[in-house]
Enquirer: 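Please see the structure below; I have some questions.
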Amino acid sequence: MLATAGSATADTSVPISVDTVNDTVVDGAHQHLYISGDSTISVVGYDGKVLSKLSRLPQVSDLQLSPDGSTLYAAVTGADKIVAFDTATLTQTGEYPTGVGTAPRRIALAGGRIWFGYGDQWDSGLGEVDLTAHPATVSLDLAGAHDFASTPMLYANPANPDTLVALDGGISNGPIVVYDVSSGTPVIRVTANEGGFYQDAALTPDGQSVLVVGQGHEAVVEYRLSDLQEVHEYAVNSESETVSVAPDGTVAATSLDTENTGDTYVFPGGADAPPSVRNLSNAWMPWGGHSTAWSADGTKLFVLTGSSGAMQLQTVTQPRRYVSKLTADAPATGTRGKTLTVKGTLTTGLRLPAGTPLKVTRTDLLSPSGKSLGTRALHANGTFSFTDAPPAGSKVRYTVTYAGDAAHTQASASDTVTVSRATPALTLTNNKKTYAYGKNVVFTAHLGTTYSNRTVEIWADPYGGDKPKKLLKTGKTDAHGNLSATVTMSRDTAVTAVFKGDARYAGRTVKSAAYAHVKTASSLSKYYRTATIGSTRYRYYHKNTDAVLTTTMTYYRGRKERLDLQVYSGGKWYTTDSEYFSLGTNGKSVVNLGHAGTSGIRARVRTSYIDPSSGDNVNTTTYGTWNYFYFSN
């Protein structure tokens, strides 16, 4: 059996009641995520709980925080406006109509202005809301010499305040356009076609480069803004989908992950070092919108996965550490005291050196809390192996743990071996014996040689569904290996003796089935005298008087008695009738046997319980005594 464990960090994945994602912005001061989708901005805590919803914002799309974090701006595409909210109170503080039919979709803040991309396809353009004017003014058609074929995706960074980056991302061959906005009027500095169909982008912390992802890009590509020359490629496994850059420049990205080998990439060593890869979603899914964001201090990475009705907020708490994956493989079975071999692998995006210590623990019946077997060294090829002779039988678990380090997450893996144990001798008296109703019967269990456990349990399980199985006694056997318990036999009873085993001897259970008769009595009435015929005492009835038999029998739900009636003739008894009669809840049954109508008739009757014909199998078959009677003149 192979057991695998990945990252053992405090990464979390929690359901979040958000249906769609257009953009995600992190507010570090208030520990909030602002997520736009449909007609709502969801205000979400770091724990995934939706704290508030800013609604009535038809087709709200891009979000931006002011440089001081006090104001959240949102492009409300379906209402042709940009709105502002106070991040402390979540109340609306501003509204900037951009013109009927403009449909602003993308926004960026630079030079005291809200730059916005608006329109659709070839009717798209670049506009601004000048916040330095009082009141604020709105201007359109500021794209300059470039004719946008799709709504421009806009990016700006306070570290480079005179620069605005626009991506014409809706078509192939769509360029990246870099504007100088120092004068308040955008002037194209440089433009270059870098493939188009951009899905997402982010600026570096110094505002000097842009990183882009999208259709046809199996990497995050970084371009220098001064000349739009490519400076880095951060490779991923399939089409790149989203990108975010931490304050220290660490790049994070997601991919379409068509082979389900990992969808979230963090590049702690830059483009020339291997990425740390996590598989946060098992689905092949277009991520949609900007759904990846660093916390303001860069210590956490937030990734939204899933789809409407099944969205998850993934929080990676140690994003710069490489995920360690550890496997452990032990034999399925083993022999106690005999050597077995456990082997496995430790893999990570940043290879660990030979000799890396792995802690080994064995958990078994002798060491239920685990016993350290010391450490084993990782081989140069990332494998490990060790041998052990398990001192205890039953399930033995070997756990291998890598503690992690500054660059790697902790990992643990375990596998279980079923180790053989000897079978102890265990017997129980009185199997298949039958007893009178109410007799107290002693059952004795005898336990043979064991290692450390001498405790036996004795259970009684009465027949019938109305009485539960009951523990009669539990304790250590005496010096002869015996333990006894008493059962009052009112029903057939399955008695079991249970030994739960120890480190060297397996558990064992034995059973005795003991049977109990019912308690029954019957008597005749309406006779006029008694007399002896031969050596047998008879009740005498007049030939036209009915004989009545009253029976009392141990009651059980639905139980019936059987009456057998016989007549004496020619020196032999002949059965004339055999019939079942229901018992009352008091266990009684009164049956009129009728009269002979002729004198000189000798008869006898008895009542019996027949298992299972009497309606149940709770007791064993019990025949009552014969009642003899004679009809005279």
Side-chain angles (χ1 to χ4, degrees), residues 14-118 127-139 154-158 161 244 289-291 293-297 300 302 304 308 311 313 315:
V14 296
I16 180 173
S17 55
V18 172
D19 288 333
T20 60
V21 180
N22 292 327
D23 196 10
T24 305
V25 169
V26 177
D27 178 357
H30 299 101
Q31 303 280 286
H32 289 164
L33 284 79
Y34 303 112
I35 303 171
S36 63
D38 294 330
S39 299
T40 302
I41 300 172
S42 297
V43 184
V44 181
Y46 282 7
D47 59 359
K49 182 179 180 181
V50 176
L51 305 174
S52 181
K53 286 183 179 286
L54 310 179
S55 56
R56 299 180 183 177
L57 303 169
Q59 301 174 46
V60 60
S61 51
D62 246 16
L63 305 174
Q64 289 290 323
L65 273 182
S66 61
D68 64 2
S70 64
T71 303
L72 174 70
Y73 295 97
V76 186
T77 308
D80 299 322
K81 64 183 179 180
I82 296 168
V83 295
F85 295 91
D86 185 306
T87 56
T89 64
L90 300 178
T91 57
Q92 184 173 323
T93 57
E95 180 171 305
Y96 311 101
T98 56
V100 176
T102 51
R105 192 178 309 277
R106 301 284 189 164
I107 57 175
L109 305 178
R113 292 169 170 81
I114 306 172
W115 301 96
F116 61 92
Y118 64 91
E128 70 164 3
V129 177
D130 186 355
L131 300 177
T132 65
H134 299 284
T137 60
V138 175
S139 301
L154 303 179
Y155 301 89
N157 189 322
S244 185
H290 179 67
S291 53
W294 289 90
S295 61
D297 61 5
K300 295 181 177 67
F302 301 107
L304 289 160
S308 179
M311 195 76 74
L313 174 62
T315 303

Enquirer: A side-chain contact here means heavy atoms from C-beta on lying under 4.5 Å apart; do I35 and I41 qualify?
Expert: no
Enquirer: Please find the pair of heavy atoms, one from Q59 and one from G78, that lie closest to each other, and give the distance.
Expert: CB-N, 3.6 Å
Enquirer: Are the side chains of L51 and V44 in touch, meaning some heavy atoms are under 4.5 Å apart?
Expert: no
Enquirer: Are the side chains of T87 and L65 in contact, using a 4.5 Å heavy-atom criterion?
Expert: yes
Enquirer: For residues A296 and V26, report the shortest heavy-atom separation together with the two atoms involved.
Expert: N-CG1, 4.0 Å
Enquirer: Is the closest side-chain heavy-atom distance between D27 and L72 below 4.5 Å?
Expert: no
Enquirer: Start with the C-alpha distance between T77 and V60, add both sets of side-chain angles, then the distance that settles side chain to side chain contact (heavy atoms under 4.5 Å, CB included), and finish with yes or no.
Expert: CA-CA 6 Å; T77 308; V60 60; over 6 Å; no
Enquirer: Any side-chain to backbone donor/acceptor pair from W294 onto K300? Under 3.5 Å, distance only.
Expert: no
Enquirer: Looking at residues at least two apart in the chain, or sitting in another chain, which of them share a ring-ring contact (aromatic ring centres under 6.0 Å, His included) with Y118?
Expert: F116
Enquirer: Within this structure, what is the OG-CG distance for the pair S61 and D38, rounded to the nearest 0.5 Å?
Expert: 12.0 Å
Enquirer: Find out whether W115 and L109 are in side-chain contact, i.e. whether some heavy atom of one side chain is under 4.5 Å from a heavy atom of the other.
Expert: no
Enquirer: Could you check L54 against L90 for side chain to side chain contact (heavy atoms under 4.5 Å, CB included), going step by step and ending with a plain yes or no?
Expert: CA-CA 8 Å; L54 310 179; L90 300 178; 4.3 Å; yes
Enquirer: Among pairs that include at least one residue of residues 48-64, which meet salt bridge (charged side-chain N to carboxylate O under 4.0 Å, His left out), considering only residues two or more places apart or in two chains?
Expert: D62-R106
Enquirer: Is there side-chain contact between Y46 and L33, with heavy atoms separated by less than 4.5 Å?
Expert: yes
Enquirer: List the atom of V83, the atom of Q92, and the distance in Å for their closest heavy-atom pair.
Expert: CG1-NE2, 3.9 Å
Enquirer: Rounded to the nearest 0.5 Å, what separation is found between the OG atom of S17 and the CE atom of M311?
Expert: 10.5 Å
Enquirer: Do V50 and V43 have side-chain heavy atoms sitting under 4.5 Å apart?
Expert: no
Enquirer: Are side-chain heavy atoms of D80 and P104 found at a separation under 4.5 Å?
Expert: yes
Enquirer: Using every non-hydrogen atom in the two residues, find where P58 and S39 come nearest and quote the distance to one decimal.
Expert: CA-OG, 3.3 Å
Enquirer: Using only atom types and a distance under 3.5 Å, with no angle test, would you say the side chain of D23 pairs donor to acceptor with the backbone of L63?
Expert: yes
Enquirer: Run L154 and I107 through side chain to side chain contact (heavy atoms under 4.5 Å, CB included) and show every step you take.
Expert: CA-CA 6 Å; L154 303 179; I107 57 175; 5.8 Å; no
Enquirer: Would you say T71's side chain and A84's backbone share a donor-acceptor pair under 3.5 angstrom?
Expert: no
Enquirer: Start with the C-alpha distance between T93 and F85, add both sets of side-chain angles, then the distance that settles side chain to side chain contact (heavy atoms under 4.5 Å, CB included), and finish with yes or no.
Expert: CA-CA 5 Å; T93 57; F85 295 91; 5.7 Å; no
Enquirer: Tell me, which pairs form a ring pair (Phe, Tyr, Trp, His ring centres under 6.0 Å) where one or both residues lie in residues 51-71, sequence neighbours left out?
Expert: none
Enquirer: Nearest 0.5 Å, what's the NZ-OG1 distance between K81 and T102?
Expert: 12.0 Å
Enquirer: Of T24, V18, L304, which meets side chain to side chain contact (heavy atoms under 4.5 Å, CB included) against L313?
Expert: L304
Enquirer: In terms of side-chain heavy atoms, does T40 have a donor or acceptor partner in S55 at a distance below 3.5 Å?
Expert: no
